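Okay, structure first, notes after.
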Amino acid sequence: MSETYYDPKDLKNFKKITDWSEPLGTRFFEYYSKVFEEGALSAREKSLIALAVSHVVKCPYCIDAYTKDGLQRGITEEEMMEAVHAGAAIESGATLVHAVQMMNKHKKLSH
Amino acid sequence: MAKSSLQRSKHLLADPKQQLQVLSSGPFSSGALPTFSDRLKGLNVELKTDKLEILQVNLGYMCNQTCAHCHVDAGPDRKEIMSSDTIDQVIDAIGRFRPNTLDLTGGAPEMNPEFQRLIRAAVSLSVKDIIVRSNLTILESNNDYKNYPQFFKENGVHVVSSLPHYSMRTTDRQRGEGVFSKSITALKRLNELGYGREKHLKLDLVYNPSGAFLPGSEKELEADFKRKLKADFDIDFNELFCITNLPISRFLEYLMATENYEEYMETLVEAFNPSTLYGLMCRNTLSVGYDGSLYDCDFNQMLQIPILGDKRYLADLESSAYSNRKINVHQHCYGCTAGSGSSCQGSIS
Ligand code: SF4
Ligand code: SF4
């Protein structure tokens, strides 16, 4: 038993999810690799998007994987950090925009 | 950047035997990872030399820089340098072997006082491609070296230069404070002379990862380097060679000190690509040490793994003895066979 919920070594076993559901797992991995191919967006741009989303969904496996991917692609530290800020800005914006709901409710209930 | 060479700081890993000891133990002695020879045996492959095309000569381990990942453990404190007599043997061997390429490396090869004589001799022996692996900053270090780009041009020398990244921060962290700006100045001067712009004046750059990861796609990195260096500094170059860091010398020390060694070796072993075996540089290269000793490649030279056979010095080797010689491999060879492969000319496949 690992002592923490997350074990970095588990990332290597990700593919094993197909053991319990072959068709769904296989389709997921096919879809995943297709998504990250060079397309209308470059593979480099997609790697930065993935890095930002990894932070927003707070997945330690994805953060490790896309930091390494970024290094291999020669993506700079500044670019990586700006991508994370873009994700963080959307995340905090999404929280703050709910303040309008709070203000509306407040207005309705008080005078 | 490293503060000093491993040798100067009397580090255990300054000794090649200790490095080989590390590369033979851990996951390789426990059987968790296969040794490189076992991997070849499993494929029924025996690595042998083909035809000699490249004579790679290490003119000495002295260097004006002390880069963090240097596989030579070079630095200003290293005194090993090729003597005039050994240079004569190299010139003699060029006549005997008639290689297409003479590849001069170091340390900083320019620091050998016989450097220009050797190049002139190679020109008169009509060697097609004379490569100088220049760290660029040496060309900016004093007035004598500042004339070297002109000398390169007059002799049609092919310049291959290290630049780990187009960002100052990454380059300076690996190679030392101020290295990026000096390298940019040197590249601009080479461009002004026509290097990287005129067809016969080739200027290639070498990229190696600044840490414990493999290089990405050579094609994509080359496109990024070209775009950024042109936009930021109006610099042109021909090709970008991506070289994987091999787990030896100062890079091995870095892997151990940062506890990245096992994971890096696992990455290399997992990325083993059999199709690279046919393009390995040791199949058409002969590496000559500063003292005239012979190796399958510059990495084996640093690990002091000699060529197999009884002729271990350049002066003794007949040209006919080159081909069909078994290559002396060890675990560091996984660095040449990972992913798209790695050689002094960049990716293999
Ligand atoms: S310039 Fe080259 S030889 Fe000199 S220390 Fe750096 S990597 Fe080593
Ligand atoms: S390190 Fe690379 S070039 Fe040298 S012998 Fe091994 S495979 Fe060949």
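Not measured: the values here are computed from a predicted model. Chain naming here is simple, since letters A, B, ... match the order of the sequence lines and numbering starts at 1 in each.
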Between A:Glu77 and B:Arg173, is there a salt bridge with N-O shorter than 4.0 Å? yes

State whether the number of non-hydrogen atoms from other residues, nucleotides or ligands found under 6.0 Å of B:Arg197 atom CZ is greater than 12. yes

Let me know if B:Pro215 has heavy atoms under 4.5 Å from chain A in its side chain, its backbone, both or neither. backbone

Looking at A:Lys58, I want to see if its NZ is surrounded by more than 12 non-hydrogen atoms of other residues, nucleotides or ligands under 6.0 Å. yes

Under a 4.5 Å heavy-atom cut-off, does chain A meet the side chain of B:Phe225, its backbone, both or neither? neither

A:Glu22, CD: over 12 other non-hydrogen atoms inside 6.0 angstrom: yes

Once you round to the nearest 0.5 Å, how far does OG1 of B:Thr170 lie from CD1 of A:Ile75? 12.0 Å

Is any side-chain heavy atom of A:Thr76 less than 4.5 Å from a side-chain heavy atom of B:Lys228? no

Chain A heavy atoms under 4.5 Å from B:Leu214: which part of the residue, side chain, backbone, both or neither? both

Within a 6.0 Å radius of atom CD on A:Glu38, are there more than 12 heavy atoms belonging to other residues, nucleotides or ligands? yes

Between NZ of A:Lys68 and CZ of B:Phe213, what distance do you get to the nearest 0.5 Å? 9.5 Å

More than 12 heavy atoms of other residues, nucleotides or ligands under 6.0 Å from OH of B:Tyr278: is that the case? no

For atom NZ of B:Lys219, decide whether the heavy atoms of other residues, nucleotides or ligands shown that lie under 6.0 angstrom number more than 12. no

How about A:Ile90: does its CD1 atom have over 12 heavy atoms from other parts shown lying under 6.0 Å from it? no

Identify whether the distance between the nearest side-chain nitrogen and carboxylate oxygen of A:Arg44 and B:Glu220 falls below 4.0 Å. no

Could you grab the distance from atom OG of B:Ser167 to atom CD of A:Glu78, nearest 0.5 Å is fine? 6.0 Å

Would you call A:Lys12 and B:Glu266 a salt bridge, using N to O less than 4.0 angstrom? yes

